[in-house]
Amino acid sequence: MTASATLNYGDSPTPRPAPRPRIWPGVAIVILQWLIIKIPAYLWPQTMAHFMCMFWGPIAGFVAILIWWLGFSRFPWPVRRLGLIPLLLEPVLGFVAAHPSMRMGMSVIALPVATSVFVGWVVIAEYLLRGKMLRAGLVIAPLLAWGFFTLLRMDGLTGSIHAETSWRFGPTAEEKFLAKIAKDPSLAGKMSSATKPSELTLSPGDWPAFRGPNRDGKLTGVTLTQTDWTNHPPKLAWKHLIGPGWGSFSVIGNHVFTQEQRGPVEMVSCYDLNTGDEIWAHDNAERFEETMGGVGPRATPTFADGKLYTLGATGRLNCLNPATGKVIWSRKVTDDTGAAVPMWGFSASPLVNDGSVIVMTGGKGKSVIAYDQTTGNPQWSAGDGWSYASIQKSKIDGVEQLLAVTNGGMYALDPHTGHILWQHDFSIGGGNRVIQPAILNGNDLLLGAAFGYGTRKIHVTHTGNTWKNQTVWTTKSIQPYYNDLVIHKGNIYGFDGDVFCCINPDTGQSRWRQRGFGNGQVLLIADQGLLLILSEQGEVALAEANPDGYHELGRFQAVNGKTWNHPVIAHGKLLVRNGEDIACYEVK
């Protein structure tokens, strides 16, 4: 054996260099996470896939990043253990410190941002700073991200499920409204000096209930003499602040009725159609608020037989003198039916029919309840299931009946006894329906829902006391969320999510589609075949109800901010409102 060989024998092997951290999986997870969150919102908006990916995408991404960091990142174990602070401890602290309205937002909005910041800092520290500041940045950078989101308040969601946020410690829109009218009450409408009648009666041109006299979103007996809204848009008659609420209007003569929230009280308000001045206001010590929709009542007042009927978000059913606002009788539907206040509040507008006031409550075995119109005493109750839609009076196959839409489908009731005539199953699982059923003709009607369920055409017939119903077609070409449909010459017009469209009544397929409105509402001016479309951003557009294509006659900005409320035309006036403003425009 040579000396050289002897010297090398027994030498310690050259130490292997430590493996470089494996960072690319973390980057890939972040990219995949954002694709999962964002792509369904464009490909399948307002579907269950959209909602589930938006909700579970950040959680799945967080779990994947945690597994990568602890199991496959190759960082030294002291560094990996340090990374548990931003990955486990800081999210808990962020959730605890968040504004209550942002609790859900911390997992849906803040979590993917914070995990992206975590991985982003790892990339910066390793490739740009050559390992310097890695440990400090691992803790500080995600902490700043979580800290930023604790400074925010969620003011609700848009119809496309996008969060609306503002600074946590700033006043809400309602608080600004209350502060302004405390300084100057006229900002919410001056007190009217007009002579108050002792009673009100229905007359031509009135709009007595939600979506009109027949509750179908159709204006008849009226033509617009000026339809060139590009060059001659309607002129503003008056505009002022209003408390939050998502209901529409009923209009009797020069009396405009709506509902709003003002701090601790829920109000039924009556304004002068010509001036916007407040004629009277009735308040109940009730308040409802939730994160997605915000504050305030959801339903629309109903005028019938000289009285006004209102349902508040917590279930307060009032019968009022529409001339003075004085209470004739009042009930709490939660007490009468055992129903709980639903997630988004009671939204059904009362239906008055042959001496009965009928509302959807969702109580077990008492989903629909009827009260005596004069006394307020309960008359009958029936059915199961729940929805945010109002009871719809219709004539199907020549027989008058009440249509009740539920999460399980739809059933029809005898208007005098509450006896169930027929039922159609079209379940949407744990979801809730919001839109009204639409009548195509005497035997065919439409039942729709969002989140991937679509709209179904149902054919109903009867022989004697035996009723039959069958599905004609089910389409996903129109999936309305809370955006009601209108029917003109058999064609269907309405919102498929945030896209306005026309649907072939024979096949259920789209004739045309038009973007640019968000999740809005539509009113049909039937005699002229015109569509008045109110966008989610408060724009009003006038378009032709033409199945051959979309043709717009003009649009203008009526109010600002998120607008979900149905528009109304009555006595030559266009009324528009949202959770902040009420405006009246002259339409010739």
Side-chain angles (χ1 to χ4, degrees), residues 209-218 348-349 351 353-354 356 358-360 362 367-368 370 380-428 431-450 453-480 484-494 503-509 524 526:
F210 176 55
R211 304 187 70 223
N214 298 315
R215 299 164 79 99
D216 56 3
K218 182 183 294 186
S349 301
L351 170 69
N353 179 70
D354 289 342
S356 299
I358 306 156
V359 292
M360 166 67 73
S367 182
V368 181
W380 55 259
S381 56
D384 285 303
W386 165 252
S387 80
Y388 293 91
S390 304
I391 303 301
Q392 185 86 22
K393 182 181 179 181
S394 304
K395 182 176 283 189
I396 307 294
D397 205 24
V399 178
E400 287 192 348
Q401 49 202 272
L402 308 178
L403 299 179
V405 172
T406 72
N407 51 348
M410 177 166 54
Y411 54 84
L413 300 168
D414 182 289
H416 304 291
T417 66
H419 172 71
I420 296 178
L421 302 177
W422 58 268
Q423 185 166 331
H424 182 86
D425 296 329
F426 184 15
S427 176
I428 56 173
N432 292 290
R433 283 191 167 89
V434 186
I435 72 160
Q436 299 298 114
I439 310 301
L440 276 170
N441 53 54
N443 293 85
D444 296 323
L445 57 155
L446 301 172
L447 176 61
Y453 291 97
T455 298
R456 178 171 292 180
K457 180 179 178 180
I458 304 165
H459 184 74
V460 182
T461 58
H462 84 294
T463 303
N465 294 325
T466 303
W467 288 84
K468 294 182 180 180
N469 66 85
Q470 61 183 9
T471 299
V472 180
W473 47 251
T474 302
T475 182
K476 293 189 178 180
S477 295
I478 182 166
Q479 302 180 55
D484 291 307
L485 312 172
V486 295
I487 311 297
H488 183 62
K489 294 184 178 180
N491 292 291
I492 306 161
Y493 298 90
I503 301 296
N504 186 324
D506 299 320
T507 65
Q509 299 306 304
L524 173 66

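Scope of the values below: all heavy atoms of this structure, side chains included, with no hydrogens, waters or symmetry mates.
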[X] side chain to [Y] main-chain N or O, any donor-acceptor pair under 3.5 Å?
X	Y	value
W422	T466	no
Q436	S390	yes
S394	I396	no
T417	H419	yes
S367	G383	no

Quick one: are [X] and [Y] in side-chain contact, heavy atoms under 4.5 Å?
X	Y	value
D354	P415	no
L413	L403	no
I358	L402	yes
W380	V368	yes
L440	L445	no
D216	I439	no
T455	P480	yes
L446	I487	yes

Atom [atom1] in [X], atom [atom2] in [Y]: separation rounded to 0.5 Å?
X	Y	atom1	atom2	answer
S387	M410	OG	CE	11.0 Å
Q470	T461	CD	OG1	7.0 Å
R456	D425	CZ	CG	9.0 Å
H424	N469	NE2	CG	6.0 Å
W386	T406	CH2	OG1	11.0 Å
H462	D397	NE2	CG	5.5 Å

Would you call R211 and D484 a salt bridge, taking side-chain N to carboxylate O under 4.0 Å as the test?
yes

Under the 6.0 Å and 45° cation-pi test, does R433 pair with Y453?
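No, R433 does not lie over the aromatic ring of Y453.
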
Decide if atom CG of D506 counts as having more than 12 heavy atoms of other residues, nucleotides or ligands within a radius under 6.0 Å.
yes

On a heavy-atom basis, which atom in [X] and which in [Y] lie closest, and how many Å separate them?
X	Y	answer
A449	I428	CB-CG2, 3.8 Å
G431	N407	O-CB, 3.1 Å
Q509	S477	OE1-OG, 3.4 Å
N491	P505	OD1-CD, 3.6 Å
K476	Q479	O-NE2, 3.2 Å
S349	R215	O-NH2, 2.9 Å

No-hydrogen, no-angle side-chain donor-acceptor test under 3.5 Å, D444 and H459:
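Their side chains do contain a donor-acceptor pair, which is all the 3.5 Å distance test asks for.
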
Please tell me whether Q423 and W467 have a donor and an acceptor in their side chains that are separated by less than 3.5 angstrom.
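Absent: no donor and acceptor within the cut-off.
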
For side-chain contact (heavy atoms from CB on, under 4.5 Å), just list the numbers for L485 and I478, CA-CA rounded to whole Å, side-chain angles, deciding distance to a tenth of an Å, and then say yes or no.
CA-CA 10 Å; L485 312 172; I478 182 166; 3.5 Å; yes

Given the rule in the side-chain contact (heavy atoms from CB on, under 4.5 Å) test, do V460 and K468 qualify, once you have shown the distances and angles that lead to the verdict?
CA-CA 6 Å; V460 182; K468 294 182 180 180; over 6 Å; no

